[in-house]
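Each chain gets a letter, A, B and so on, in the order its sequence line appears, and its residues count up from 1.
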Protein chains: 2
Amino acid sequence: MSIFSKLSFKDKTFKLREQAVLDATTTLLASKGFDLMTMDDVAGEVGISKPSLYKHFKSKEDLATEVMIQLLDDALTYLDGQEPTLTSRERLENLLEWALRKRLEGGLPFLPSGSPHVREILTKSLRYLTRAYKLHKQLGQIVDSAKEAGELRTDLPTDVILFSYYSRTCDPAVDYMQLYGHYSADAIVRHMLTITFEGIAGSARS
Amino acid sequence: MSIFSKLSFKDKTFKLREQAVLDATTTLLASKGFDLMTMDDVAGEVGISKPSLYKHFKSKEDLATEVMIQLLDDALTYLDGQEPTLTSRERLENLLEWALRKRLEGGLPFLPSGSPHVREILTKSLRYLTRAYKLHKQLGQIVDSAKEAGELRTDLPTDVILFSYYSRTCDPAVDYMQLYGHYSADAIVRHMLTITFEGIAGSARS
DNA sequence: ATTGCCTTTTACTAATCAGTAGCTTTTTTT
DNA sequence: AAAAAAAGCTACTGATTAGTAAAAGGCAAT
């Protein structure tokens, strides 16, 4: 019993700290990006030293990869927990809103878009790719049913819709609205949903 | 005469080389981004040495700023040269297409979106800000007339439309379409225009 | 050919940062 | 309480890169 509880306690604190590291990295990646974030930044933010950090993650690239994996897992969990009564379009809207709100709280790093360097790192991780593919496949099915239900354009290929959809989560327009337009989080989300689904011309011709 | 022609010739080669530097930097910024581009990269690409490079631009930040200024000037020139018979929406479409094609040829760096660091650099340059403001004002007028003509949604604020419009020029969806979807440049442009103006749902309800 | 001037380059400095070696402190075991 | 073990930290290394000082090279006028 003593060995078990001890090990389990140590394991617990270890895991807790690991999560703290991941959280701090998430925030730092979202604010500074991969290249400008230093391992000293991360260690300092968590309140540990750099060598301790390397007990958890063997490199900066590994750390960033784990953050992105966790993000994809969160997205998959969110998708999985959606009410089955929702229409396909509502599911897409809700997921995008979830991502945008996460981002507005400073918790959404978007590495794959940024630099080719980072994209290369991520495509080397099988664990990342597995999740990205799973999410892509699930969303593809949702887009297809939305098309069948007449909720999405059928003249756009499904992958084009998906690429565009992903891009809205890291759209710089969000920063501009926040920084120069002083819009509230709610207004930003509302406008982003309109723009994504209806475009800037949209129903103007009606 | 001899002194004049000499000076003018030297001036000419100097300017020519400066343009070569700007062109190389444009390509490098578009492909690697600011942080990963080194001054040795630029010098090597042009075929000169680093100290010669510093005869033209006093720092890396200065060089990147000049590239962005030139880009804005090009956009302003393009806007200025548009046929006056075009509708406002056509003008917006044409400019976006111009930017997208430029990007697909590898010649469109999009610094201001990337890192906050770079945004800070640019906002310190009065010459950059002047041009950005001028372009923003002109496009704002075009958007407003498009709204009046019923060519754009009136339920979106003009600045939100503009922020979104700018963001389409650096939309990662373009990379994804090119990299994973193997779409042609023409198809990418067509889809981006549809998505920008009509959204992914767009006329699906008709 | 030689002197003087201007340009270009080689070879450096200083700073930053990922990753680590080895010492110190705390905790655990007996 | 003492010995052993584990965890964490200070202080380093090596590599990269922005920016520069001083040598090398070219070109004009005489």
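When each of A:V174, A:T196, A:D171 is paired with A:L100, the side chain to side chain contact (heavy atoms under 4.5 Å, CB included) condition holds for A:V174 and for no other.
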message: Does A:Y166 form a ring pair (Phe, Tyr, Trp, His ring centres under 6.0 Å) with A:H136? I'd like the steps, not just the answer.
response: CA-CA 10 Å; A:Y166 302 148; A:H136 187 66; 5.7 Å; yes
- request: Test B:R91 against B:E83 for salt bridge (charged side-chain N to carboxylate O under 4.0 Å, His left out), laying out the working first.
  value: CA-CA 9 Å; B:R91 296 189 69 183; B:E83 286 289 330; over 6 Å; no
- request: Let me have a per-nucleotide readout for nucleotides 8-21 of chain C, 5' to 3', with B, S or -, counting only protein heavy atoms under 4.0 Å.
  value: BBB------SBBBB
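We find that CG of A:L53 is positioned 14 Å from P of D:dT10, with the value rounded to whole Å. The separation between B:D62 atom CG and D:dA18 atom P is 14 Å, rounded to whole Å.
The neighbour count for A:K102 NZ, taken as heavy atoms of other residues, nucleotides or ligands under 6.0 Å away, is above 12.
Cation-pi geometry between A:K60 and A:Y54 is not met: the NZ or CZ atom fails to fall both under 6.0 Å from the ring centre and inside 45° of the normal.
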